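Nothing here was measured: the structure is a model prediction, and the numbers come from that model. Each chain gets a letter, A, B and so on, in the order the sequences are listed, and its residues count up from 1.
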There are 2 protein chains.
Amino acid sequence: MATDCIFCKIVSGDIPADIVYEGDHVIGFRDINAQAPTHVQIIPREHVAKISDFDPSRDTAWLVELFQAAQKIASDEGLDKGFRLVFNNGALSGQSVLHVHMHILGGRQLSWPPG
Amino acid sequence: MATDCIFCKIVSGDIPADIVYEGDHVIGFRDINAQAPTHVQIIPREHVAKISDFDPSRDTAWLVELFQAAQKIASDEGLDKGFRLVFNNGALSGQSVLHVHMHILGGRQLSWPPG
């Protein structure tokens, strides 16, 4: 846990969030600035700053569970017509919290380009 | 291999592409409708239609390598200031080819929402 990380504090329960998925390695909670009818952030419980820091020898369990969580959330939210998954990495992408998070957006037509 | 799948034909070499990454389980090639100075699609060699079909018992090797490939491409393309990774899944997301692909976009400021 990084003591100054808002997402670590959501994992620990020190900051409240609207949690929609809790698993062994990841949690999912609604984005407070939702950009679609369903907009959830799925994060590893472990603190890893950026997806560019992904290390297979350490991080494979949570990577796999990110996608299992996305499937579960898509099913729970009725996103059978489609959804988009997004990782931001670094300043030019607008990454706002330095703790890996995968956005899942659905419930409306999503346009192209993706930002 | 799905015989009617354009991405399977890129994997097999039957359709040309500007390939920038070749690994054991995935390849990466430039998007022919690039939406950013760097815009590459990273795909598993195996035919899986949608990321919602991801099955950990079958697909973990290529999932892990998608992210290793993204790191390598980001490094090769000088995307140290940032990049975005995107999966589309289904009609509402605009998924245009039914073979899993992860977009990596970089080289410009990316806006929000992501489509």
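- When heavy atoms are compared at a cutoff of 4.5 Å, B:A91 approaches chain A by way of both its backbone and its side chain.
- Comparing B:V64, B:L63, B:I51, B:L79 by heavy-atom pairs within less than 4.5 Å of chain A, the highest count is held by B:L63.
- Rounding to the nearest 0.5 Å places OG1 of B:T60 at 11.0 Å from CZ of A:F67.
- Counting all heavy atoms, side chain and backbone alike, A:Q68 lies closest to B:P56 at NE2-CG, 3.3 Å.
- When each of B:Q71, B:H103, B:Q95 is checked for heavy-atom pairs under 4.5 Å with chain A, B:Q71 comes out on top.
- Note on A:F54 and B:I104: same hydrophobic cluster, where clusters join Ile, Leu, Val, Met, Phe, Trp and Tyr whose side-chain heavy atoms are under 4.5 Å apart, directly or indirectly.
- With a threshold of 4.5 angstrom between heavy atoms, B:Q109 approaches chain A through its backbone and through its side chain.
- In the hydrophobic cluster analysis, where Ile, Leu, Val, Met, Phe, Trp and Tyr join through side-chain heavy atoms closer than 4.5 angstrom, B:I43 is grouped apart from B:V48.
- Looking at A:L105, only its side chain comes within 4.5 Å of chain B, counting heavy atoms on both sides.
- When heavy atoms are compared at a cutoff of 4.5 Å, A:D53 approaches chain B solely by way of its backbone atoms N, CA, C and O.
- Closest approach of B:F83 to A:S93, counting heavy atoms only: O-CB, 3.2 Å.
- Residues A:F87 and A:I27 do not share a hydrophobic cluster, defined by chaining ILVMFWY side chains whose heavy atoms lie under 4.5 Å apart.
- Hydrophobic clustering (side-chain heavy atoms under 4.5 Å, transitive across Ile, Leu, Val, Met, Phe, Trp, Tyr) groups B:V11 together with B:V97.
- The residue among B:V86, B:L85, B:L110, B:D55 with the most heavy atom pairs within less than 4.5 Å of chain A is B:L85.
- When A:G90, A:A74, A:P113 are compared by the number of non-hydrogen pairs under 4.5 Å with chain B, A:P113 comes out ahead.
- Residues B:Y21 and B:I19 are members of separate hydrophobic clusters, defined by side-chain heavy-atom contacts under 4.5 angstrom among Ile, Leu, Val, Met, Phe, Trp and Tyr.
- The residue among A:Q35, A:E65, A:K50, A:M102 with the most heavy atom pairs within less than 4.5 Å of chain B is A:Q35.
- Between B:W112 and A:H39, the two ring planes are tilted [angle within 30° to 60°].
- For the side-chain contact (heavy atoms from CB on, under 4.5 Å) test with A:R84, the passing option among B:N89, B:N88, B:L92 is B:N88; the others fail.
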